[in-house]
Protein chains: 2
Amino acid sequence: MILPVNSSVSTKDRILGAAELLFAQRGFEGASLRQLTTNAGVNLAAVNYHFGSKEKLVEEVFRRRLDALNESRLAALAQVAGAPETTLEDVLEAFIRPALDLSHDDSGALFMRVLARAFAEHDDTLRQFLSANYGHVMRQFTAEFARLLPQLSKQELYWRIDLVTGALTHAMSGFGMIQRKSDVSENAHREQTALHLIRFAVAGLSHP
Amino acid sequence: MILPVNSSVSTKDRILGAAELLFAQRGFEGASLRQLTTNAGVNLAAVNYHFGSKEKLVEEVFRRRLDALNESRLAALAQVAGAPETTLEDVLEAFIRPALDLSHDDSGALFMRVLARAFAEHDDTLRQFLSANYGHVMRQFTAEFARLLPQLSKQELYWRIDLVTGALTHAMSGFGMIQRKSDVSENAHREQTALHLIRFAVAGLSHP
DNA sequence: GTCTATACACTGATAGAC
DNA sequence: GTCTATCAGTGTATAGAC
């Protein structure tokens, strides 16, 4: 898809929009800067001018989405963290719901696929970027999990969180997602998905 | 490392040997055909002549690994499938243990990562290759899970298997793998890993 | 500051001579 | 079967136009 040239949108934003789409369609390696800049209607060199490198562009695509996603997660966590009546389900809901809401619209779903690709492609620099910029989110959730699961050793808890993260990332990337049947509404399907993920995560985290 | 030229080894095998080594060291994207053929002591064009493309060479390099991996899995499954005393742990052990053994050495670990990547990539030719050649393995395991979990609906079972698969793929790709401490032996670490994965999978599959 | 044209050093792939 | 030569495509860097 070639975006119509629109002078009201900056070159930088045109590149970011085309990049998110093309990365999701072809992967990071598969999407060339020439194709990307052609779709965006900008010059090839504009990418390096505005972002420094293709790699930095990838990071910027992530930053736009992840900032919003993780703010939502932390806001939801803040509403339940530390309270005596808070359950594991509440914390998992705070983690899962924002991601599920994000993957509801088309561009959000595209982003979740990009995120899943990033995990799968095992890109070291991208990993470091994610860890450096969003590690605090995972640490806050981990702290709350630790509070609710005092019987687990640190090592045991990290293992379980790691496995749950893998399962959720996989599921939310949409690859293995069981397709919604036509007689189930979009919202009902999302509720059902949230239930499956949360129940599974509770079982994985809290088994004896 | 540049392999000494040895006329008793065919060009094809020289390429395969150099490829497995270089892919393990630098990754599939990072290993160029020029470096690979230089190390193997063969001409650049020999790769395309013998294998058709770099991608086909990649497939050939770890087709042997997959054959061995899935043979081990099916052999282990065959020893427990259908027996009245078989537990969920037994079946999961049959699935997990061979993969864990494989990811023990460096090139095996890289292979598991590529496997995880192919798993997450929707339209990749590599994924089609995997599905076409090894889909029957997953079907056999699914059938045995269904036998051991008769209380679950098909839909419910597929959900849980999907989530467990995501968790195991993630863990075995090494992305989030908790590093072995220096005072724990390699074998002990692997045993502990197997225990964690199996316990987690049992909880995720069989929770009420 | 923004943007563009262009060159550079790479990549995998391939046709054709031997 | 194996080689050389060459091709189209890649990310990146930079000089210079506005």
Side-chain angles (χ1 to χ4, degrees), chain A residues 2-62 114 117-118 121-126 129, chain B residues 2-62 114 117-118 121 124-126 129:
Chain A
I2 299 178
L3 304 177
V5 175
N6 182 345
S7 60
S8 74
V9 179
S10 71
T11 297
K12 210 170 167 176
D13 285 336
R14 297 174 57 75
I15 293 172
L16 283 169
E20 184 164 281
L21 184 60
L22 203 60
F23 285 156
Q25 289 172 338
R26 298 212 207 280
F28 301 115
E29 298 286 342
S32 77
L33 290 186
R34 281 166 180 79
Q35 175 78 59
L36 195 156
T37 50
T38 299
N39 289 5
V42 304
N43 186 271
L44 166 64
V47 169
N48 272 36
Y49 173 74
H50 284 286
F51 299 95
S53 67
K54 182 181 182 179
E55 194 172 61
K56 295 283 188 185
L57 170 61
V58 171
E59 290 183 1
E60 200 56 35
V61 166
F62 273 89
V114 172
R117 269 184 193 269
E121 288 190 13
H122 202 255
D123 186 302
D124 276 344
T125 53
L126 197 55
F129 166 80
Chain B
I2 299 178
L3 302 177
V5 175
N6 181 345
S7 60
S8 75
V9 180
S10 73
T11 297
K12 206 170 169 177
D13 285 336
R14 298 175 55 75
I15 293 172
L16 281 170
E20 184 156 88
L21 185 60
L22 200 61
F23 286 158
Q25 289 171 340
R26 309 180 66 85
F28 293 89
E29 301 287 347
S32 76
L33 289 187
R34 279 166 180 80
Q35 171 142 24
L36 195 156
T37 51
T38 299
N39 289 5
V42 303
N43 187 271
L44 167 64
V47 170
N48 274 44
Y49 174 76
H50 284 287
F51 298 95
S53 67
K54 182 181 182 181
E55 193 174 53
K56 295 282 187 186
L57 171 61
V58 170
E59 288 183 4
E60 194 61 28
V61 161
F62 68 83
V114 175
R117 174 183 175 177
E121 287 199 5
D124 204 47
T125 53
L126 195 55
F129 165 80

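Just so it is clear, the model here is predicted, and its values are computed rather than measured. Because only heavy atoms are used, hydrogens play no part in the values below, and waters and symmetry mates are left out as well, while side chains stay in. All chains are named by letter (A, B, ...) in the order of the sequence lines, taking the proteins before the strands, and each is independently numbered beginning at 1.
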Exceeds 12 heavy-atom contacts within 6.0 angstrom, atom NZ of K56(A): no
Intermediate values then yes/no, side-chain contact (heavy atoms from CB on, under 4.5 Å), F51(A) and E59(A): CA-CA 9 Å; F51(A) 299 95; E59(A) 290 183 1; over 6 Å; no
Verdict with reasoning, L57(B) to N48(B), per side-chain contact (heavy atoms from CB on, under 4.5 Å): CA-CA 9 Å; L57(B) 171 61; N48(B) 274 44; over 6 Å; no
Interface limits on DNA chain D, where chain A has a heavy atom under 4.0 Å of a nucleotide atom: dT10(D) to dT14(D)
Criterion side-chain contact (heavy atoms from CB on, under 4.5 Å) on D13(B) and L16(B), from CA distance to verdict: CA-CA 5 Å; D13(B) 285 336; L16(B) 281 170; 4.1 Å; yes
Criterion side-chain contact (heavy atoms from CB on, under 4.5 Å) on T37(B) and N43(B), from CA distance to verdict: CA-CA 6 Å; T37(B) 51; N43(B) 187 271; over 6 Å; no
Spatial distance of atom CG (L44(B)) from atom CD (Q35(B)) [nearest 0.5 Å]: 12.5 Å
Pairwise 5' ranking along DNA chain D for G30(A) and G52(A), keeping only the more 5' one: G30(A)
Whether R26(B) side chain and A31(B) backbone form a donor-acceptor pair below 3.5 Å: no
Geometric class of the F23(B)/F28(B) ring pair [parallel <30°, tilted 30-60°, perpendicular >60°]: tilted
Write out a two-atom table: protein N or O, nucleotide N or O from nucleotides 5-11 of chain C, distance below 3.5 Å.
| unit_1 | atom_1 | unit_2 | atom_2 | d |
| --- | --- | --- | --- | --- |
| dA5(C) | OP2 | N43(A) | ND2 | 3.2 |
| dT11(C) | OP1 | S32(B) | OG | 3.2 |

